[in-house]
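I'd like to ask you about the structure that follows.
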Protein chains: 2
Amino acid sequence: MAARVQSIDRAVEILDCFMQNNELRLTEIVEMTGYHKSTVFGLVSTLKYHGLIDQDETSQKYRLGIAFLGYSDRVRNSLDIVDIASPIMRDICDKIQETVHLGLLRGKSVIYIEKIESNQSIRIASAVGMSNPAYCTGVGKVLLSGIPNAALSAHIPAVLEKRTPKTITSVSQLYDELDTIRKDGFGYDREEMEAGLYCVAFPIFDFYGKTAYAISVSGPSFRMEGKKEQAFDLLRKGSQLISAKLGYTAK
Amino acid sequence: MAARVQSIDRAVEILDCFMQNNELRLTEIVEMTGYHKSTVFGLVSTLKYHGLIDQDETSQKYRLGIAFLGYSDRVRNSLDIVDIASPIMRDICDKIQETVHLGLLRGKSVIYIEKIESNQSIRIASAVGMSNPAYCTGVGKVLLSGIPNAALSAHIPAVLEKRTPKTITSVSQLYDELDTIRKDGFGYDREEMEAGLYCVAFPIFDFYGKTAYAISVSGPSFRMEGKKEQAFDLLRKGSQLISAKLGYTAK
DNA sequence: AACTGCGTGCGGTATTATAGGACGTTTCAA
DNA sequence: TTGAAACGTCCTATAATACCGCACGCAGTT
């Protein structure tokens, strides 16, 4: 489907190893990838030269390099949505004291491009750049709801893994849920991805009226119970505000 | 000095092109790098496949990919200094209402690994992951002061570019300044990098007593004038607190 | 001292990245 | 409407290059 350069494929594979452990020895990378030691050494050295991998001076262990910070920042600046949404998200977070996420759809996954955390001691384990399956998250389902059914298959995995007792595992049931979201204008994640984790999500529309992003408030179910109404209000206003700033004009 | 893989060198060179413009056509990349069109196409396709480059569906233009967010987040998590320092920096920022930076030294440059911005309308143009020359910034000079003179040459460029009328351009003068910083325990940037930009910086020591990071408050000179004392107090306490959390024990 | 596991360096070879060129579209001007 | 220019994409031959095998130096352990 596309021309591919082997060395880059391998280099990326090496970088991905660090998604599991953030410190690796050369030999560990060799074991994980299965390539020859000197091959890995060459790739790692090159990546190190460019700052994409750092090597600890004493332990010799490798880790992801700080150069990624520069690229990442560039990415976030090119997505002007982050600049627009960030202050509004902080405002929501300050008021409701729960984690606020901003995400977009990429294939079958949701990618979080901004996160504002509350000071609550019990917080969501999440991260900017992290991805989750779309079908079982609030943000994900809202994003899916913006896509016509005919085009949905590319964004839904063949098997919907049952991550909790409440996960939606049948496609037809998921379609029903998406219809509900389209009708209501927002969506939930009622402990479908992780037990005890509750989430309310609203869509953000771009200039063309496309559901380009989604914003959510998530927290432990026991806390979110009493905050649902507040979350609705804050998210509704917030999503409208952000959509407006993207040039969206409600019809 | 190290084994190098050509394709990766070229791939990184392509990625670096996006540091100047955040949207590029294939042909523009070809012009910037000088490689053959199909060569660039292969590299770009591979990078795109891995999400390191995204392509706009309609305009076909390329930009840096969201995958960087994931790597970058991983980097920042592996640097536990960010977790430690971030809340303290926010506290300082709330109190003094100016931008707070956390940086480290890499070669001749300072790399900012965390930034907390105030709500002031006039703000510093800066970014996480961005780098500046060390010799003419507050954070940079403080970091340089932690290095013995004998080893300094590797961290100071041959020619000190005169970026403003107040930039230090003579090496011996810079050495004097570093001595002052070593004596005082903190440093300034008095409009040396950018006219009108004033900055106070303190060192952060790690477990081994090494000056590993530096933290700073920066803002326009006219505002910083009256806030110097407050900045000292906040930064002194903050840097001590962070150093302590890194395992540093003052002797 | 021998042994194990580590990161690193070198050279020959066959795989692979690359350049050249062609093709289908789109864009814009004539 | 036509033509030309510019662009992204694709294919193939070939020469350059990334890879593997092997070896070395080092540190810690038996």
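Chain A is the first sequence line, chain B the second, and so forth, proteins listed ahead of strands; every chain is numbered from 1.
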For C:dG5, does OP1 or OP2 lie under 4.0 Å from any side-chain N or O of A:R25?
-> no

Of the nucleotides C:dG9, C:dT8, C:dA22, which one has an atom closest to the side chain of A:S38?
->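 Of C:dG9, C:dT8, C:dA22, C:dG9 is nearest to the side chain of A:S38.
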
Taking OP1 and OP2 of C:dG20, is either one under 4.0 Å from a side-chain nitrogen or oxygen of B:Y35?
->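 Answer no for this pair, as no side-chain N or O of B:Y35 is under 4.0 Å from OP1 or OP2.
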
Spacing of B:L26 atom CG relative to C:dT25 atom P, expressed in whole Å = 19 Å

B:E177/B:K141 salt bridge by N-O under 4.0 Å criterion = yes

Side chain of A:K37 - closest among D:dC22, C:dT8, C:dG21 =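 It is C:dT8.
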
Calculate the interatomic distance between B:L43 atom CG and D:dT9 atom C1'; express it in whole Å.
-> 15 Å

Separation of atom CG in B:L24 from atom P in D:dG8, rounded to whole Å =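 Checked: the CG to P distance equals 10 Å.
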
Rounded to the nearest 0.5 Å, how far apart are OG of A:S72 and CZ of B:R74?
->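 CZ of B:R74 is found 15.0 Å from OG of A:S72.
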
Of the listed nucleotides C:dG9, D:dT9, C:dA17, the one nearest the side chain of A:S7 | C:dA17

Classify the ring geometry between B:H101 and B:Y112 as parallel (under 30°), tilted (30 to 60°) or perpendicular (over 60°).
->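 Geometry flag for B:Y112 against B:H101: tilted rings.
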
What nucleic acid atoms does A:T27 come within less than 4.0 Å of, heavy atoms only: base, sugar-phosphate, or nothing?
->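 Sugar-phosphate: the residue A:T27, judged by heavy atoms under 4.0 Å, touches backbone atoms but no base.
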
Calculate the interatomic distance between B:I29 atom CD1 and D:dA6 atom P; express it in whole Å.
->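 Value for this atom pair: 19 Å.
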
To the nearest angstrom, how far is A:I14 atom CD1 from C:dG7 atom C1'?
->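 To the nearest whole Å, that distance equals 14 Å.
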
Is the NZ or CZ atom of B:R63 positioned over B:F18's six-membered ring, under 6.0 angstrom from the centre and within 45° of the axis?
->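 Verdict for B:F18: no cation-pi partner in B:R63.
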
Roughly, in whole Å, what's the span from CZ in B:F41 to P in D:dC11?
-> 10 Å

Mutual orientation of the aromatic rings belonging to B:F68 and A:F68 [parallel < 30°, tilted 30-60°, perpendicular > 60°] = tilted

Are B:R10 and C:dT18 close enough that a side-chain N or O sits under 4.0 Å from OP1 or OP2?
-> yes

Give the rounded distance in Å between these two atoms: CD of B:E23 and P of D:dG8.
->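 Value for this atom pair: 12 Å.
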
Just how far, in rounded Å, is P of C:dT15 from CD of B:Q6?
->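 After rounding, the gap between these two atoms is 19 Å.
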
So what does A:Q55 hit on the nucleic acid, given a heavy-atom distance under 4.0 Å: a base, only sugar-phosphate, or nothing?
->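 Sugar-phosphate contact only.
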
